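Contents: one structure, followed by commentary.
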Amino acid sequence: MMVEADSAHTIPLLETRQLECVRDDRLLFSDLSFTLTEGEILQIEGANGSGKTSLLRILCGLRLADAGQVLWRGEEVSVVREDYYANMIYIGHLPCIKGDLTTLENIRALLDTRSQLAPLDEIEQVLALVGLAGFDDVTSKALSSGQRRRILLAFLLLAKARLWILDEPLTALDVEGVALVETMLLEHRLAGGSAIFTTHHGMQLPCAMSTVTLGRAGNQPC
Amino acid sequence: MMVEADSAHTIPLLETRQLECVRDDRLLFSDLSFTLTEGEILQIEGANGSGKTSLLRILCGLRLADAGQVLWRGEEVSVVREDYYANMIYIGHLPCIKGDLTTLENIRALLDTRSQLAPLDEIEQVLALVGLAGFDDVTSKALSSGQRRRILLAFLLLAKARLWILDEPLTALDVEGVALVETMLLEHRLAGGSAIFTTHHGMQLPCAMSTVTLGRAGNQPC
Amino acid sequence: MLKAFSHLLARDLRLAFRSRHELANPLIFFVLVVSLFPLAVAPSAELLQVMAPGVIWVSALLSVLLSLDRLFKQDYEDGSLDQLMLSPNPLVILVLAKVCAHWLLTGLPLVLVAPLLGMFLYVPDEAIGVLMLSLLLGTPVLSLVGAIGVSLTVAVNRGGVLLSLIVLPLYIPVLIFGANAVDVASDGLSVRGQLLFLGAVLALALSLAPLATAVALRITASR
Amino acid sequence: MLKAFSHLLARDLRLAFRSRHELANPLIFFVLVVSLFPLAVAPSAELLQVMAPGVIWVSALLSVLLSLDRLFKQDYEDGSLDQLMLSPNPLVILVLAKVCAHWLLTGLPLVLVAPLLGMFLYVPDEAIGVLMLSLLLGTPVLSLVGAIGVSLTVAVNRGGVLLSLIVLPLYIPVLIFGANAVDVASDGLSVRGQLLFLGAVLALALSLAPLATAVALRITASR
Amino acid sequence: MIKKIWAWIQRFSSPKHFYAISGKLIPWFAVPAFLLGIYGLYMGLFVAPTDYQQGESYRIIFIHVPAAWMSMFIYIVMAISAAIGLIWQIKLADMIAAASAPIGAWFTFLALVTGSLWGKPMWGAYWVWDARLTSELILLFLYFGYMALQSSIEDQRTADKASGLLVIVGVVNIPIIHYSVEWWNTLHQGATVAKFDKPSMHIDMLIPLLVMALAAKLFYAAIVLMRARNEVLYRERNRQWVRDLVKKL
Amino acid sequence: MNGSEFSWSEFFHMGGYAVFVWSSYGLALGIVLVNIVSPLIERKRVVKRVKRAIARDRHASQANNS
Ligand code: HEM
Ligand SMILES: Nc1ncnc2c1ncn2[C@@H]1O[C@H](COP(=O)(O)OP(=O)(O)OP(=O)(O)O)[C@@H](O)[C@H]1O
Ligand SMILES: Nc1ncnc2c1ncn2[C@@H]1O[C@H](COP(=O)(O)OP(=O)(O)OP(=O)(O)O)[C@@H](O)[C@H]1O
Ligand SMILES: [Mg+2]
Ligand SMILES: [Mg+2]
């Protein structure tokens, strides 16, 4: 809020400069620059294979861009890695869930990687919120695909990160689950958080939302 | 068509009788009976964890029901397995795709398991239809998640089975892909085929569609 | 049916040839393990010669064991196994095709490279033929019996060592008779008995193991 | 940072204890492989005694090798590894925690059960202590160096044998010195040199391997 | 100053520049390699005297020793270029490493086989489990491991870095090969077969040996450039300059 | 050889070690040749692949324009 005052000097939360990604001889995108400010929600659009997942992984620093930079509060991500990772959370296509651990243990393990602790009753509360009440001591391999995704939603809520990077968060969720994600995003934004996400299924957010659209893959040989 | 004439004696294509499924002490459904006739499209509805996947796998004979029967043209599935499998095709959550094979080889391998052959130009045509034109000699691990699902759609079209059993066929598909699946289902129905599918994302079919709804999981201890 | 068999065989072979290094791997593992022993024990010719049949057979067994994973595991995880089980063709035939492919890719190379390793370990020339023959009869059994083990553990994740626990005891008769044949041949005696035994075991395994594997798959892959 | 270390260690241990059979598996594999040898070679006491150090060490090495997969593979496949790499804590610490867990679950049990196997294979009593000590110094190196190998091959599917091709050559010095120490101790000679060497290798591996592993993970897990 | 050097390195190591220069360099290595090879063979086979202990069989030395030296030398070259590739992100260095591996593997193989062929008349066996022999065998496996890893990772950048790291880790084997003869002796008293008693070598033997070793190095330089050029063409296949160039071929 | 006159048959005989010596030299020659030939073949293959890629891209861009 204070920063807004002299917005001329505002440093965006996340910024990309001339990003380029090449996979298997195909130029997926190049010269991709955009910024994300606090409280902004950004959807990455694009057809299948247009490079959304690749872009998100580059934003996270899990993949190297073939050219260009990703800046966190004005500094190269690889330089301020610790600060960046402490404030960012990424949830991708993959489950990140151990079938042999219970719901509760899975959440604890995920939080542990971020060195975060959460009291049991808070976890219980969040589990109820995402529709997993009563499943806290069920081993995760006995959960359905949608239920497993809901564990990740709980993790997302508990981690309290400032920036969410979500790759198709609606996968496997039922109608109620979709509504839940929408609410979560709205509340996150109200609390000043930002988010970048992809989805193929129209997400209806009653708020301003920027979009970045990636071109169709395979058209541009590089 | 001929069968319709004396519909009193019509044997349904697929019929379930008092199916029951218990997983981990939770009764997912019981006393589930429905029929599917030729040219009928049936959606299985239900929240996350209500047992849709389990039901479909039981219908395929990949899983044993805890009680009840599945009949294919009036006969127990385990008895007429060969006839059933020659006319049915199941596509589940999993990719069934080998990352090391090319798109073309993957399709060939899938057809081979059904002892079906398809001439190259037919395959090319279908690939173009599902939006994979030009990807036929790309190894599949270099495809995006949506592109991989499209290989399965091509397989589905080429296998020319009478009954389709599809578990969330819209996963990872973009808007265009969703429209494609809708068209495929319609044409399949026009050709006299039947289908059973699940999805959480409203599929708009401009035709009659039956539904079976499963209850919320975990509510009924058994 | 024959077509289903040959198609699946071809697919598995193609899959293996696609990653060519992968192809050489069980072989290299075999060579590596065999050459670990002379390093670990004092490398005197007499000692090595006495150990040789045992070392070569144990290594062959281990390298087949290690490569078993590729029989069904991957197919289970990516769902291809579901499609195989939904095939109108009898599952037994398909299983047999996969086992054949596995043997061609792991067992056969071992048989072919064994003479070289035998020479490294000072196996007398007259026993080299028996070494190859015993492996030729024995390795298919290892693949066939291994298939049962894999199909039982396919749904268990990280089943690597569980698999060996299940399979190794079943391998022991083959190991004993195979190694013993080479041992006896080194002393210049007749090995007809041992080879007949291995042949009989092979016939038995060939007729029963694919059935058992098919049944096991239907049970374990139900998720 | 210490907390991140201990939490991850605890998670891995808990995961292992959750499937209890899994826990015992490397141990059982070790015992099984060691006992294959008396079956495969003519079981005379002198022969076994000469072979014993080599056989025990080779088997230990193989059972660690086989269990390496569980270090990162699963985490890579289910995406947990991504989360580890996105942790605000240094990756080296997390790697070290995972390697520690791995050693506690595979190396340590081997050290504890080795005396029993040594006695089975007629290792003289005075060499038993050295056997344990050499394994105690050597198995952590196997876990540490193995971690590098796993992290390099984590993105390669069916990398099982590729892993052994990469890792076994690096294991050989440890094997030679470890087995030799036991051998020499059986003859009643001093083994200070060998044990010092193993200790030095351990110190080196402990300081460099986690770093190399962390670097390798950042490279290979980019998909 | 440093900046200037850096800029120069960057320019020189650009694949395009390298391709142009290496094309001109190859003959400068290949021709001397050929001439030295002929001269070395002549000296070794016709001029060098018969060894009073080993008779004529020692002439294998002129193949065996250069090959053995090359097997280690090439590995070290690979490790250094891999390190350069990893640290300074110079693609050319990775290509040199990748191009070296098959050559190194061939030399290792040659050293192993000629060693065995020499061992039969000298020790009465083609193979003994001596430390040096074994560690040379391990070196062959390290080469194989590098090539296997390189080819099994699809993404070229990842493959280069991962296999580069592997070579660097594998460097520990080199001193083991070199010093193993002594270590093994201290360990296995009396068990050693390979005690190369080398009475200070006759100058007529030493010269052809050194000539052959030099010829081998030059040969390697020529071949590695040829291979690296192929790598450049393949990896830069989407660049315009490669396309223009290939169209003319 | 020094002093006594040179004889080719003696030279090829290598004091009884002919098999070992000449197979070493033969193998060395073979390996040298393989090392020379394989990059040349490889080069042909690479050039062919690049040419095919060029053709494919021209094809694709024509298809796009029309
Ligand atoms: C398969 C068998 C053999 C292998 C793998 C082998 C390997 C090697 C290696 C790696 C070197 C280079 C060592 C270094 O520079 O540190 C070398 C050098 C040498 N080898 Fe062999 N060798 C074998 C057999 C033999 C035999 C049978 C002889 C002769 C009796 C022999 C004589 C020599 C000599 C004279 C050198 C040069 C020594 C020096 O540079 O200090 N090698 N060998
Ligand atoms: N392997 C398993 N073992 C025990 N219970 C399981 C197993 N897999 C699923 N379940 C339980 O069975 C129930 C139904 O799972 P199923 O996968 O059939 O649901 P679904 O309707 O397909 O859900 P989704 O929409 O999330 O895919 C879930 O409540 C889950 O807890
Ligand atoms: N491992 C890989 N190696 C080479 N190319 C790849 C790899 N993974 C993906 N690609 C290619 O990169 C492109 C983008 O893939 P990506 O997964 O980023 O797409 P996406 O936008 O997430 O698609 P989807 O909507 O289907 O998830 C695809 O065209 C694909 O062919
Ligand atoms: Mg994606
Ligand atoms: Mg489901």
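None of these values were measured; they are calculated from a predicted model. Naming convention: chains lettered A, B, ... in sequence-line order (proteins, then strands); numbering from 1 in each chain. Keep in mind that the numbers below use all heavy atoms, side chains included, and drop hydrogens, waters and symmetry copies.
- For a residue to count as touching a neighbouring chain, one of its non-hydrogen atoms must lie under 4.5 Å from one of that chain's; by this rule E/Tyr126 does not touch chain C.
- Here the CG-CG distance, from C/Leu39 to E/Leu137, works out to 8.5 Å after rounding to the nearest 0.5 Å.
- Residue C/Leu32 holds its CG atom at 4.0 Å from CZ of E/Phe141, rounded to the nearest 0.5 Å.
- The distance from atom CH2 of E/Trp127 to atom CG of C/Leu116, rounded to the nearest 0.5 Å, is 10.0 Å.
- Within 6.0 Å of atom CG in C/Asp187, more than 12 heavy atoms from other residues, nucleotides or ligands are found, so the atom counts as buried in its surroundings.
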